[in-house]
Amino acid sequence: MTNFADLGLSQKVLSAVTDAGYTTPTPIQAGAIPPALQRRDILGIAQTGTGKTASFVLPMLTLLEKGRARARMPRTLILEPTRELAAQVAENFDKYGKNHKLNIALLIGGVSFDEQDRKLERGADVLICTPGRLLDHFERGKLLMSGVEILVIDEADRMLDMGFIPDIERIAKLIPFTRQTLFFSATMPAEIQKLADRFLQNPERLEVARRASTATTVTQRFVAAHAKDYEKRATLRDLIRAQDDLKNAIIFCNRKKDVADLFRSLDRHGFSVGALHGDMDQRSRMAMLANFKDGNIKLLVASDVAARGLDIPDVSHVFNFDVPIHAEDYVHRIGRTGRAGRSGASFTLVTKRDIKFADAIEKLIDQKVEWLNGDLSELPEPMESHDNRRERGRDGRRDRKKDVERSSKGRSDRRPDTATADSAAEIEPVVERAEAVKPQRNTDTSKQGHAGRNDRLGRAQSAANDDNRDRRSRHRRDYDDGPTPIGFGDEIPAFMLIVGKA
DNA sequence: AAAAAAC
(Lines give C-alpha, C1' and ligand atoms only; values in the text may rest on other atoms or scores of the structure.)
Protein backbone atom coordinates (compact mmCIF):
# COMPACT_ATOMS: atom_id res chain seq x y z
CA MET A 1 0.00 0.00 0.00
CA THR A 2 2.63 2.45 1.05
CA ASN A 3 5.00 3.38 -1.67
CA PHE A 4 8.59 4.53 -1.36
CA ALA A 5 7.44 7.84 -2.78
CA ASP A 6 5.24 8.41 0.28
CA LEU A 7 7.99 8.17 2.85
CA GLY A 8 9.55 11.58 2.43
CA LEU A 9 12.77 10.47 0.75
CA SER A 10 14.56 12.83 -1.59
CA GLN A 11 14.25 12.62 -5.36
CA LYS A 12 17.80 11.44 -5.75
CA VAL A 13 17.20 8.57 -3.40
CA LEU A 14 13.84 7.70 -4.88
CA SER A 15 15.19 7.50 -8.37
CA ALA A 16 17.99 5.19 -7.25
CA VAL A 17 15.47 3.00 -5.45
CA THR A 18 13.31 2.89 -8.57
CA ASP A 19 16.31 2.05 -10.70
CA ALA A 20 17.08 -0.80 -8.34
CA GLY A 21 13.62 -2.12 -9.08
CA TYR A 22 11.86 -1.45 -5.80
CA THR A 23 8.50 0.22 -5.39
CA THR A 24 7.08 -1.09 -2.14
CA PRO A 25 8.95 -0.71 1.12
CA THR A 26 9.16 -3.58 3.58
CA PRO A 27 7.45 -3.07 6.96
CA ILE A 28 10.66 -2.04 8.70
CA GLN A 29 11.40 0.44 5.92
CA ALA A 30 7.91 1.90 5.96
CA GLY A 31 8.08 2.18 9.72
CA ALA A 32 11.58 3.49 10.19
CA ILE A 33 12.17 5.84 7.29
CA PRO A 34 9.68 8.62 8.13
CA PRO A 35 10.76 9.07 11.77
CA ALA A 36 14.40 8.71 10.81
CA LEU A 37 13.97 11.54 8.34
CA GLN A 38 12.62 13.64 11.19
CA ARG A 39 15.82 13.00 13.08
CA ARG A 40 14.16 10.70 15.58
CA ASP A 41 16.07 7.92 17.23
CA ILE A 42 15.09 4.45 16.07
CA LEU A 43 14.99 1.18 17.90
CA GLY A 44 14.52 -1.44 15.22
CA ILE A 45 13.98 -5.03 16.17
CA ALA A 46 14.49 -6.79 12.91
CA GLN A 47 16.52 -9.56 11.40
CA THR A 48 18.39 -9.52 8.18
CA GLY A 49 16.25 -10.31 5.21
CA THR A 50 13.66 -7.81 6.40
CA GLY A 51 15.08 -4.90 4.46
CA LYS A 52 16.69 -3.49 7.55
CA THR A 53 19.77 -2.10 5.86
CA ALA A 54 17.86 0.07 3.43
CA SER A 55 15.76 1.31 6.34
CA PHE A 56 18.73 3.28 7.58
CA VAL A 57 20.69 3.77 4.36
CA LEU A 58 17.89 5.54 2.51
CA PRO A 59 17.04 8.15 5.15
CA MET A 60 20.73 8.73 5.81
CA LEU A 61 21.29 9.50 2.15
CA THR A 62 18.45 11.97 2.17
CA LEU A 63 19.65 13.67 5.34
CA LEU A 64 23.21 13.86 4.09
CA GLU A 65 22.20 15.93 1.10
CA LYS A 66 22.42 18.96 3.34
CA GLY A 67 25.91 19.88 4.35
CA ARG A 68 29.39 18.72 3.50
CA ALA A 69 32.03 16.60 5.14
CA ARG A 70 35.15 18.13 6.60
CA ALA A 71 38.54 16.49 6.73
CA ARG A 72 38.82 13.83 9.43
CA MET A 73 35.36 14.69 10.68
CA PRO A 74 32.91 12.09 9.47
CA ARG A 75 29.29 13.10 9.49
CA THR A 76 27.79 9.70 10.11
CA LEU A 77 29.05 6.47 11.55
CA ILE A 78 27.78 2.93 11.10
CA LEU A 79 29.03 0.10 13.29
CA GLU A 80 28.84 -3.48 12.09
CA PRO A 81 29.99 -6.68 13.79
CA THR A 82 31.74 -8.30 10.84
CA ARG A 83 33.78 -7.06 7.92
CA GLU A 84 31.50 -8.65 5.38
CA LEU A 85 28.45 -6.96 6.79
CA ALA A 86 30.25 -3.66 6.76
CA ALA A 87 31.23 -4.18 3.14
CA GLN A 88 27.68 -5.07 2.30
CA VAL A 89 26.35 -1.87 3.83
CA ALA A 90 28.92 0.02 1.79
CA GLU A 91 27.54 -1.63 -1.34
CA ASN A 92 24.10 -0.40 -0.36
CA PHE A 93 25.42 3.15 -0.19
CA ASP A 94 26.91 2.74 -3.62
CA LYS A 95 23.68 1.40 -5.02
CA TYR A 96 21.26 3.89 -3.50
CA GLY A 97 23.71 6.77 -3.41
CA LYS A 98 24.59 6.69 -7.05
CA ASN A 99 22.99 10.09 -7.61
CA HIS A 100 24.88 11.59 -4.70
CA LYS A 101 28.44 12.66 -4.48
CA LEU A 102 29.14 11.35 -1.05
CA ASN A 103 32.39 10.05 0.30
CA ILE A 104 31.92 6.65 1.81
CA ALA A 105 34.76 5.13 3.82
CA LEU A 106 34.84 1.50 4.80
CA LEU A 107 37.01 1.06 7.89
CA ILE A 108 37.51 -2.63 8.49
CA GLY A 109 40.40 -4.75 9.61
CA GLY A 110 42.49 -6.98 7.44
CA VAL A 111 43.14 -4.38 4.78
CA SER A 112 45.61 -1.54 4.56
CA PHE A 113 45.27 1.60 6.59
CA ASP A 114 46.54 3.96 3.96
CA GLU A 115 43.61 3.98 1.63
CA GLN A 116 41.21 4.28 4.54
CA ASP A 117 43.27 7.13 5.89
CA ARG A 118 43.20 8.96 2.61
CA LYS A 119 39.42 8.75 2.57
CA LEU A 120 39.26 10.08 6.10
CA GLU A 121 41.47 12.96 5.20
CA ARG A 122 39.37 13.83 2.21
CA GLY A 123 36.37 14.05 4.53
CA ALA A 124 33.93 11.18 4.80
CA ASP A 125 30.20 11.60 4.81
CA VAL A 126 29.69 8.03 5.89
CA LEU A 127 32.01 5.79 7.87
CA ILE A 128 31.15 2.13 7.88
CA CYS A 129 33.24 0.30 10.42
CA THR A 130 34.01 -2.70 12.47
CA PRO A 131 34.76 -1.45 15.98
CA GLY A 132 38.39 -2.52 16.22
CA ARG A 133 39.59 -0.74 13.14
CA LEU A 134 37.64 2.39 13.93
CA LEU A 135 39.25 2.63 17.36
CA ASP A 136 42.60 1.94 15.81
CA HIS A 137 42.23 4.94 13.51
CA PHE A 138 40.98 7.01 16.38
CA GLU A 139 43.89 6.15 18.62
CA ARG A 140 46.27 7.11 15.89
CA GLY A 141 44.64 10.50 15.91
CA LYS A 142 43.32 10.19 12.40
CA LEU A 143 39.78 10.92 13.26
CA LEU A 144 37.54 13.35 15.11
CA MET A 145 34.15 12.09 16.17
CA SER A 146 32.78 15.42 17.24
CA GLY A 147 31.10 16.03 13.90
CA VAL A 148 29.10 12.83 13.81
CA GLU A 149 25.41 13.58 13.41
CA ILE A 150 24.06 10.08 12.96
CA LEU A 151 25.23 6.92 14.67
CA VAL A 152 24.00 3.53 13.49
CA ILE A 153 24.50 0.48 15.65
CA ASP A 154 23.61 -2.56 13.63
CA GLU A 155 23.17 -6.13 14.83
CA ALA A 156 23.51 -5.07 18.43
CA ASP A 157 22.77 -8.50 19.83
CA ARG A 158 25.53 -9.97 17.78
CA MET A 159 27.88 -7.25 18.92
CA LEU A 160 27.05 -8.35 22.42
CA ASP A 161 27.78 -11.98 21.61
CA MET A 162 31.08 -10.96 20.19
CA GLY A 163 32.11 -8.90 23.16
CA PHE A 164 31.99 -5.60 21.31
CA ILE A 165 29.81 -3.75 23.74
CA PRO A 166 32.65 -2.06 25.65
CA ASP A 167 34.03 -0.82 22.34
CA ILE A 168 30.61 0.41 21.31
CA GLU A 169 30.19 2.27 24.57
CA ARG A 170 33.57 3.84 24.16
CA ILE A 171 32.80 4.96 20.64
CA ALA A 172 29.39 6.28 21.61
CA LYS A 173 30.99 8.43 24.31
CA LEU A 174 33.12 10.13 21.69
CA ILE A 175 30.12 11.23 19.69
CA PRO A 176 28.10 14.32 20.60
CA PHE A 177 25.05 13.76 22.68
CA THR A 178 22.96 15.65 20.17
CA ARG A 179 23.41 12.97 17.59
CA GLN A 180 20.66 10.88 16.10
CA THR A 181 21.00 7.19 16.90
CA LEU A 182 19.60 4.31 14.90
CA PHE A 183 19.84 1.08 16.79
CA PHE A 184 19.07 -2.35 15.35
CA SER A 185 18.98 -5.75 16.89
CA ALA A 186 17.45 -9.04 15.90
CA THR A 187 16.54 -9.87 19.47
CA MET A 188 16.01 -7.82 22.59
CA PRO A 189 17.48 -9.56 25.61
CA ALA A 190 17.68 -7.55 28.82
CA GLU A 191 21.27 -6.44 28.25
CA ILE A 192 20.46 -5.09 24.83
CA GLN A 193 17.43 -3.29 26.16
CA LYS A 194 19.59 -1.65 28.82
CA LEU A 195 22.05 -0.59 26.19
CA ALA A 196 19.28 0.82 24.03
CA ASP A 197 17.91 2.75 27.00
CA ARG A 198 21.28 4.37 27.49
CA PHE A 199 21.98 5.14 23.86
CA LEU A 200 18.60 6.26 22.63
CA GLN A 201 16.39 9.21 23.41
CA ASN A 202 12.70 8.72 23.04
CA PRO A 203 13.15 6.31 20.16
CA GLU A 204 10.57 5.19 17.69
CA ARG A 205 10.33 1.51 18.45
CA LEU A 206 9.69 -0.80 15.54
CA GLU A 207 9.40 -4.49 15.65
CA VAL A 208 8.96 -6.68 12.63
CA ALA A 209 7.92 -10.25 13.00
CA ARG A 210 10.83 -12.56 13.38
CA ARG A 211 11.12 -14.25 10.07
CA ALA A 212 9.24 -17.46 10.78
CA SER A 213 11.97 -19.06 12.77
CA THR A 214 12.34 -21.48 9.95
CA ALA A 215 10.70 -20.49 6.71
CA THR A 216 8.05 -22.95 5.67
CA THR A 217 9.54 -23.03 2.21
CA VAL A 218 12.67 -24.70 3.51
CA THR A 219 12.75 -28.46 3.62
CA GLN A 220 14.67 -29.57 6.67
CA ARG A 221 16.19 -32.99 7.17
CA PHE A 222 18.51 -34.55 9.68
CA VAL A 223 20.96 -37.04 8.28
CA ALA A 224 22.48 -39.67 10.53
CA ALA A 225 26.24 -39.76 10.26
CA HIS A 226 29.23 -41.26 11.99
CA ALA A 227 31.39 -38.92 13.95
CA LYS A 228 34.65 -39.59 12.16
CA ASP A 229 35.50 -36.78 9.79
CA TYR A 230 36.16 -38.98 6.80
CA GLU A 231 32.87 -40.77 7.26
CA LYS A 232 31.03 -37.52 7.61
CA ARG A 233 32.68 -36.21 4.50
CA ALA A 234 31.66 -39.31 2.55
CA THR A 235 28.10 -38.90 3.80
CA LEU A 236 28.15 -35.28 2.76
CA ARG A 237 29.45 -36.04 -0.71
CA ASP A 238 26.75 -38.65 -1.24
CA LEU A 239 24.19 -36.17 -0.06
CA ILE A 240 25.40 -33.43 -2.34
CA ARG A 241 25.49 -35.74 -5.33
CA ALA A 242 21.97 -36.91 -4.58
CA GLN A 243 20.56 -33.39 -4.96
CA ASP A 244 19.49 -32.91 -8.53
CA ASP A 245 18.08 -29.45 -7.94
CA LEU A 246 21.20 -28.09 -6.33
CA LYS A 247 22.09 -24.72 -7.74
CA ASN A 248 24.48 -23.58 -5.05
CA ALA A 249 24.94 -24.32 -1.41
CA ILE A 250 26.56 -23.16 1.77
CA ILE A 251 28.10 -25.86 3.92
CA PHE A 252 28.55 -24.84 7.54
CA CYS A 253 31.17 -26.19 9.89
CA ASN A 254 31.54 -25.25 13.53
CA ARG A 255 35.26 -24.73 13.41
CA LYS A 256 37.57 -22.85 11.12
CA LYS A 257 39.92 -25.78 10.92
CA ASP A 258 37.09 -27.98 9.72
CA VAL A 259 36.13 -25.40 7.14
CA ALA A 260 39.66 -25.58 5.80
CA ASP A 261 39.77 -29.37 5.90
CA LEU A 262 36.39 -29.89 4.31
CA PHE A 263 37.15 -27.36 1.63
CA ARG A 264 40.31 -29.18 0.68
CA SER A 265 38.55 -32.50 0.69
CA LEU A 266 35.71 -31.34 -1.54
CA ASP A 267 38.13 -29.59 -3.81
CA ARG A 268 40.06 -32.79 -4.18
CA HIS A 269 36.91 -34.64 -5.00
CA GLY A 270 36.33 -32.32 -7.87
CA PHE A 271 33.58 -30.11 -6.50
CA SER A 272 33.31 -26.47 -7.41
CA VAL A 273 33.98 -25.15 -3.97
CA GLY A 274 35.23 -22.17 -2.01
CA ALA A 275 35.81 -21.48 1.65
CA LEU A 276 35.03 -18.62 3.97
CA HIS A 277 36.10 -18.12 7.55
CA GLY A 278 37.51 -15.39 9.71
CA ASP A 279 41.15 -16.43 9.61
CA MET A 280 41.37 -16.11 5.87
CA ASP A 281 42.98 -12.97 4.64
CA GLN A 282 40.52 -10.29 3.82
CA ARG A 283 41.12 -10.28 0.09
CA SER A 284 40.36 -13.98 -0.14
CA ARG A 285 37.26 -13.50 1.95
CA MET A 286 35.94 -10.80 -0.30
CA ALA A 287 36.92 -12.57 -3.48
CA MET A 288 35.44 -15.84 -2.31
CA LEU A 289 32.16 -14.23 -1.46
CA ALA A 290 32.05 -12.40 -4.75
CA ASN A 291 32.78 -15.58 -6.67
CA PHE A 292 30.08 -17.40 -4.82
CA LYS A 293 27.58 -14.64 -5.43
CA ASP A 294 28.52 -14.58 -9.11
CA GLY A 295 28.09 -18.31 -9.43
CA ASN A 296 31.73 -19.07 -10.19
CA ILE A 297 31.72 -21.32 -7.16
CA LYS A 298 28.83 -23.66 -6.46
CA LEU A 299 29.63 -24.69 -2.92
CA LEU A 300 30.84 -22.46 -0.14
CA VAL A 301 32.23 -24.08 2.97
CA ALA A 302 31.89 -21.55 5.76
CA SER A 303 32.05 -20.89 9.44
CA ASP A 304 29.32 -18.96 11.17
CA VAL A 305 30.84 -15.80 9.81
CA ALA A 306 28.47 -16.48 6.93
CA ALA A 307 25.50 -17.55 9.02
CA ARG A 308 23.97 -14.17 9.61
CA GLY A 309 23.47 -11.02 7.78
CA LEU A 310 25.31 -11.74 4.58
CA ASP A 311 23.09 -11.09 1.66
CA ILE A 312 23.56 -14.05 -0.60
CA PRO A 313 20.36 -14.45 -2.53
CA ASP A 314 19.27 -17.65 -4.17
CA VAL A 315 21.04 -20.32 -2.20
CA SER A 316 19.26 -23.54 -3.07
CA HIS A 317 20.76 -25.68 -0.31
CA VAL A 318 22.27 -25.38 3.12
CA PHE A 319 24.25 -28.25 4.57
CA ASN A 320 25.25 -28.31 8.20
CA PHE A 321 28.34 -30.45 8.24
CA ASP A 322 28.29 -29.89 11.98
CA VAL A 323 25.23 -29.39 14.11
CA PRO A 324 25.46 -25.87 15.47
CA ILE A 325 26.05 -25.81 19.20
CA HIS A 326 23.67 -22.95 19.71
CA ALA A 327 20.26 -23.65 18.32
CA GLU A 328 19.74 -20.05 17.20
CA ASP A 329 22.66 -20.47 14.86
CA TYR A 330 20.73 -23.23 13.15
CA VAL A 331 17.94 -20.82 12.39
CA HIS A 332 20.39 -18.31 11.01
CA ARG A 333 22.19 -20.88 8.93
CA ILE A 334 19.20 -22.39 7.25
CA GLY A 335 17.81 -18.91 6.85
CA ARG A 336 20.39 -18.60 4.08
CA THR A 337 18.06 -20.58 1.86
CA GLY A 338 14.38 -20.31 1.09
CA ARG A 339 14.55 -16.55 1.11
CA ALA A 340 11.86 -14.30 -0.27
CA GLY A 341 9.40 -17.13 -0.54
CA ARG A 342 11.60 -19.30 -2.71
CA SER A 343 12.02 -22.92 -1.86
CA GLY A 344 15.13 -24.27 -0.28
CA ALA A 345 16.51 -27.41 1.24
CA SER A 346 18.62 -27.91 4.31
CA PHE A 347 20.37 -30.98 5.59
CA THR A 348 22.07 -31.37 8.92
CA LEU A 349 24.50 -34.19 9.56
CA VAL A 350 23.86 -35.49 13.04
CA THR A 351 26.21 -37.79 14.88
CA LYS A 352 25.58 -39.50 18.13
CA ARG A 353 27.30 -36.85 20.13
CA ASP A 354 25.17 -34.16 18.47
CA ILE A 355 21.86 -35.54 19.67
CA LYS A 356 21.43 -33.04 22.45
CA PHE A 357 22.06 -30.16 20.07
CA ALA A 358 19.65 -31.61 17.54
CA ASP A 359 17.05 -31.91 20.29
CA ALA A 360 17.63 -28.32 21.28
CA ILE A 361 17.05 -27.27 17.68
CA GLU A 362 13.75 -29.07 17.46
CA LYS A 363 12.72 -27.47 20.71
CA LEU A 364 13.65 -24.00 19.54
CA ILE A 365 11.92 -24.20 16.19
CA ASP A 366 9.08 -26.07 17.86
CA GLN A 367 8.88 -28.75 15.25
CA LYS A 368 10.28 -32.18 14.61
CA VAL A 369 12.83 -32.48 11.86
CA GLU A 370 12.49 -35.57 9.72
CA TRP A 371 15.40 -37.90 9.27
CA LEU A 372 16.43 -38.47 5.70
CA ASN A 373 17.31 -42.17 5.73
CA GLY A 374 16.40 -43.27 9.18
CA ASP A 375 17.73 -41.90 12.42
CA LEU A 376 20.89 -42.74 14.28
CA SER A 377 19.52 -45.99 15.64
CA GLU A 378 19.32 -47.27 12.10
CA LEU A 379 22.86 -46.30 11.25
CA PRO A 380 25.24 -49.24 11.47
CA GLU A 381 27.33 -48.87 14.57
CA PRO A 382 30.94 -48.95 13.47
CA MET A 383 32.49 -49.62 16.80
CA GLU A 384 30.71 -50.28 20.02
CA SER A 385 32.64 -51.75 22.85
CA HIS A 386 31.26 -54.78 24.68
CA ASP A 387 33.15 -53.62 27.71
CA ASN A 388 31.00 -50.65 27.91
CA ARG A 389 28.81 -51.20 30.91
CA ARG A 390 27.29 -47.80 30.97
CA GLU A 391 23.63 -48.13 30.26
CA ARG A 392 23.40 -44.77 28.66
CA GLY A 393 25.61 -45.84 25.83
CA ARG A 394 22.66 -47.19 23.91
CA ASP A 395 20.30 -44.32 24.03
CA GLY A 396 22.52 -42.15 21.99
CA ARG A 397 23.93 -39.99 24.71
CA ARG A 398 27.53 -39.19 24.76
CA ASP A 399 29.79 -41.60 26.50
CA ARG A 400 33.33 -40.41 26.64
CA LYS A 401 34.89 -43.68 27.70
CA LYS A 402 33.75 -45.50 24.63
CA ASP A 403 35.82 -43.39 22.30
CA VAL A 404 39.07 -44.61 23.69
CA GLU A 405 37.91 -48.07 24.59
CA ARG A 406 36.44 -49.39 21.41
CA SER A 407 38.00 -52.62 20.34
CA SER A 408 38.44 -54.10 16.91
CA LYS A 409 35.76 -56.67 17.74
CA GLY A 410 32.95 -54.34 17.09
CA ARG A 411 34.22 -53.41 13.69
CA SER A 412 32.61 -56.19 11.69
CA ASP A 413 29.62 -54.11 10.76
CA ARG A 414 31.71 -51.25 9.57
CA ARG A 415 31.14 -50.15 6.05
CA PRO A 416 34.18 -51.51 4.27
CA ASP A 417 34.46 -48.62 1.84
CA THR A 418 34.90 -46.15 4.62
CA ALA A 419 37.74 -47.98 6.22
CA THR A 420 40.48 -46.37 4.20
CA ALA A 421 41.26 -43.55 6.52
CA ASP A 422 42.27 -45.64 9.45
CA SER A 423 45.65 -44.11 9.67
CA ALA A 424 43.93 -42.04 12.30
CA ALA A 425 44.99 -44.93 14.47
CA GLU A 426 48.57 -43.87 13.94
CA ILE A 427 48.07 -40.89 16.07
CA GLU A 428 45.22 -41.83 18.31
CA PRO A 429 45.70 -43.89 21.43
CA VAL A 430 43.44 -46.52 19.91
CA VAL A 431 46.29 -48.65 18.72
CA GLU A 432 44.51 -51.89 18.28
CA ARG A 433 42.46 -50.61 15.41
CA ALA A 434 45.39 -50.29 13.11
CA GLU A 435 45.79 -53.91 12.16
CA ALA A 436 42.23 -54.24 11.00
CA VAL A 437 43.00 -52.70 7.66
CA LYS A 438 46.09 -52.47 5.63
CA PRO A 439 47.99 -49.31 6.20
CA GLN A 440 46.95 -46.49 3.97
CA ARG A 441 49.06 -43.73 2.70
CA ASN A 442 47.59 -40.92 4.60
CA THR A 443 44.59 -38.87 5.30
CA ASP A 444 44.06 -35.44 6.55
CA THR A 445 43.48 -36.82 9.97
CA SER A 446 47.23 -37.08 10.17
CA LYS A 447 47.25 -33.37 10.52
CA GLN A 448 45.89 -33.76 13.97
CA GLY A 449 49.29 -35.00 14.87
CA HIS A 450 50.51 -31.51 14.21
CA ALA A 451 47.55 -29.81 15.69
CA GLY A 452 49.56 -27.55 17.91
CA ARG A 453 51.55 -26.42 15.00
CA ASN A 454 48.53 -25.73 12.90
CA ASP A 455 46.94 -23.85 15.72
CA ARG A 456 49.91 -21.64 16.04
CA LEU A 457 49.85 -21.04 12.33
CA GLY A 458 46.25 -20.14 12.71
CA ARG A 459 45.34 -19.03 9.26
CA ALA A 460 44.75 -22.49 8.03
CA GLN A 461 43.14 -21.39 4.82
CA SER A 462 45.61 -18.91 3.51
CA ALA A 463 47.74 -19.88 0.62
CA ALA A 464 50.83 -18.92 2.52
CA ASN A 465 49.98 -21.43 5.12
CA ASP A 466 49.57 -24.11 2.53
CA ASP A 467 53.15 -23.48 1.62
CA ASN A 468 54.20 -23.68 5.22
CA ARG A 469 52.41 -26.89 5.89
CA ASP A 470 54.45 -29.85 6.90
CA ARG A 471 56.61 -30.75 3.97
CA ARG A 472 56.11 -34.38 4.70
CA SER A 473 52.56 -34.10 3.58
CA ARG A 474 53.61 -33.11 0.09
CA HIS A 475 53.48 -36.60 -1.30
CA ARG A 476 50.33 -37.52 0.54
CA ARG A 477 47.79 -37.02 -2.13
CA ASP A 478 45.17 -39.29 -0.65
CA TYR A 479 43.44 -36.66 1.32
CA ASP A 480 40.67 -39.02 2.18
CA ASP A 481 38.87 -41.96 0.75
CA GLY A 482 37.61 -42.15 -2.77
CA PRO A 483 39.21 -41.20 -6.05
CA THR A 484 41.03 -37.93 -6.13
CA PRO A 485 41.28 -35.76 -9.17
CA ILE A 486 44.60 -35.34 -10.86
CA GLY A 487 45.74 -31.95 -9.87
CA PHE A 488 47.86 -30.04 -7.54
CA GLY A 489 48.90 -32.48 -4.89
CA ASP A 490 48.79 -30.87 -1.52
CA GLU A 491 49.71 -27.46 -2.76
CA ILE A 492 46.66 -25.71 -4.07
CA PRO A 493 47.74 -22.53 -5.78
CA ALA A 494 46.44 -19.40 -4.18
CA PHE A 495 44.39 -18.41 -7.19
CA MET A 496 42.45 -21.64 -6.93
CA LEU A 497 41.43 -20.70 -3.46
CA ILE A 498 40.11 -17.48 -4.77
CA VAL A 499 38.38 -18.26 -8.04
CA GLY A 500 37.34 -21.82 -7.39
CA LYS A 501 36.99 -24.21 -10.27
CA ALA A 502 35.87 -23.73 -13.79
C1' DA B 1 32.41 -28.54 20.76
C1' DA B 2 33.02 -22.17 18.31
C1' DA B 3 33.21 -17.86 15.75
C1' DA B 4 33.81 -13.20 15.33
C1' DA B 5 37.22 -8.64 15.71
C1' DA B 6 43.01 -4.48 15.78
C1' DC B 7 48.01 -4.38 14.82
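All values below come from the heavy atoms of this structure, side chains included, with hydrogens, waters and symmetry mates left out. So you know, we letter chains A, B, ... as the sequences are listed, proteins then strands, and number each from 1.
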Notebook entry, point to check: Once you round it to whole Å, what is the distance between C1' of B/dA4 and CG of A/D154?
Noted result: 15 Å
Notebook entry, point to check: Is the distance from OP1 or OP2 of B/dA3 to the nearest side-chain N or O of A/R158 less than 4.0 Å?
Noted result: no
Item checked: Nearest-Å distance for atom pair CZ/P, residues A/F321 and B/dA2 -> 15 Å
Check: Looking at B/dA3, does its base get a donor-acceptor pair with the side chain of A/H277 below 3.5 Å?
Finding: no
Check: Does the side chain of A/F184 come within less than 4.5 Å of A/L182's, by heavy atoms?
Finding: yes
Next item on the list: Using only side-chain N and O atoms of A/S303, determine if any of them is under 4.0 Å from OP1 or OP2 of B/dA4.
Entry: yes
Next item on the list: Describe the nucleic acid contact of A/G163 in one word from base, sugar-phosphate, nothing, applying a heavy-atom distance below 4.0 Å.
Entry: nothing
Next item on the list: Quickly work out the A/Y330 OH to B/dA2 P distance and round it to whole Å.
Entry: 22 Å
Margin query: Expressed as a whole number of angstroms, how long is the span from A/H332:NE2 to B/dA2:P?
Written below: 19 Å
Note to self: Can you tell me how the ring of A/F222 sits relative to the ring of A/W371, calling it parallel under 30°, perpendicular over 60° and tilted otherwise?
What the structure shows: perpendicular
Item checked: Option from A/L262, A/D267, A/I240 for which side-chain contact (heavy atoms from CB on, under 4.5 Å) with A/L299 holds -> A/I240
Notebook entry, point to check: Taking CZ from A/F357 and P from B/dA1, how many angstroms apart are they, rounded to a whole number?
Noted result: 9 Å
Checklist line | Separation of B/dA5 C1' from A/L107 CG (nearest whole Å) | finding: 14 Å
Checklist line | side-chain N/O A/R285 vs B/dA5 OP1/OP2, d < 4.0 Å | finding: yes
Note to self: Assess, by modelled atom type and distance only, whether the side chains of A/T235 and A/D238 contain a donor and an acceptor separated by less than 3.5 Å.
What the structure shows: no
Notebook entry, point to check: Of all the nucleotides listed (B/dA2, B/dA6, B/dA5), which has the minimum atom distance to the side chain of A/D136?
Noted result: B/dA6
Check: Is any side-chain N or O of A/T82 closer than 4.0 Å to OP1 or OP2 of B/dA5?
Finding: no
Note to self: Would you say A/K356 places a side-chain N or O within less than 4.0 Å of OP1 or OP2 belonging to B/dA1?
What the structure shows: no
Notebook entry, point to check: How long is the line joining CG of A/D281 and P of B/dA5, in whole Å?
Noted result: 13 Å
Note to self: Please classify the nucleic acid contact of A/D354 as base, sugar-phosphate, or nothing, using heavy-atom distances under 4.0 Å.
What the structure shows: base
Check: Atom CG of A/N254 and atom C1' of B/dA4: how far apart are they, to the nearest Å?
Finding: 14 Å
Checklist line | Shortest non-hydrogen contact from A/I28 toward A/A46 | finding: CD1-CB, 3.9 Å
